[in-house]
Amino acid sequence: MDDLIATAKRCFTGGLQTNAGGNLSVRLNARDAIVIKPSGVGFNECTRDNLQVVQLDGTILPGSEGLKPSKDLDFHLDLYRIRDDINAIVHCHSPWATGYASAGIEIPCLTVQTIEKIGRMPLIPLSTNGGPQTEVEISPVFADPNIRAAVLANHGTIGAGKTLMAAQYLAEIIEETAHIAYVRDTLMAAHGKTKADLPTYGTAMEARAAE
């Protein structure tokens, strides 16, 4: 729990999540349950007393009476069920990335770091009735084991990793890349450019191996 609390506060301090939106979770070592931030609790207010322990079948364990389950609990649980390699999820409404998501634009992996660490950040549309994405829309995307991160249209971002820190790094890289992409596109428009090179490889080792 302490690691989740520290990660939540890092998200808040870094400007990835304000107010009580977003959520994050981590799989317990027993692998049959998770710890997750409930609805209505801000990232900066997470404590041992206001986190929920939920079994993978959706059963909320005693000790968190009076707290509302996260609105996104179902998609968290489903990602843990379908991907054994996912042990932590950080879902934020970070402003730069959500700006791209709200414009219906997939954030390009335009730096060597995003090519290496992420590869691609699919843009997942709203549900068929125009509501927030659920496991129906999200899980099929993450069924691909190569997908580590995604952007939810008009909603936010998802970073899924083997550890909480790995998931947190993904959330930070997504936001950083969206910011860089906006600056790049603004500068290109100001200078009349319509095309820019993108990296093919994330590391020099990969590039040399391809020669």
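For this chain, numbers begin at 1 and follow the sequence in order. Because the structure is a prediction, the values reported are computed rather than measured. Just so it is clear, the values below take in all heavy atoms, side chains as well, and ignore hydrogens, waters and symmetry mates.
Evaluation of the ring-ring contact (aromatic ring centres under 6.0 Å, His included) test over residues 45-83, restricted to residues two or more places apart or in two chains, returns Phe75-His91. Within the structure, side chain to side chain donor-acceptor pair (under 3.5 Å) contacts touching residues 130-143 (residues at least two apart or in different chains) are Asp78-Ser139, Gln133-His155, Thr134-Glu137.
The main-chain N or O of Val41 is found under 3.5 Å from a side-chain atom of Lys37 such that the two form a donor-acceptor pair. Of the possible polar contacts, one joining the Thr114 side chain to the Thr111 backbone as a donor-acceptor pair under 3.5 Å is found.
Put simply, the side chain of Glu106 reaches to within 4.5 Å of the side chain of Arg120, judged on heavy atoms. Inter-residue side-chain proximity for His179 and Pro95 is flagged as unmet; no heavy-atom pair is nearer than 4.5 Å. At a threshold of 4.5 Å between non-hydrogen side-chain atoms, the residues Val90 and Cys92 count as touching. Between Gln17 and Phe12, every side-chain heavy-atom pair lies at or beyond the 4.5 Å cut-off. In this structure the side chain of Thr47 reaches within 4.5 angstrom of the side chain of Asn50, judged on heavy atoms. Side-chain contact between Arg184 and Leu110: present, with at least one pair of heavy atoms (C-beta onward) separated by less than 4.5 Å. In this structure, the side chains of Ile118 and Ile173 come closer than 4.5 Å at one or more pairs of heavy atoms.
The pair Arg48-Asp2 counts as a salt bridge, with a side-chain nitrogen and a carboxylate oxygen less than 4.0 angstrom apart.
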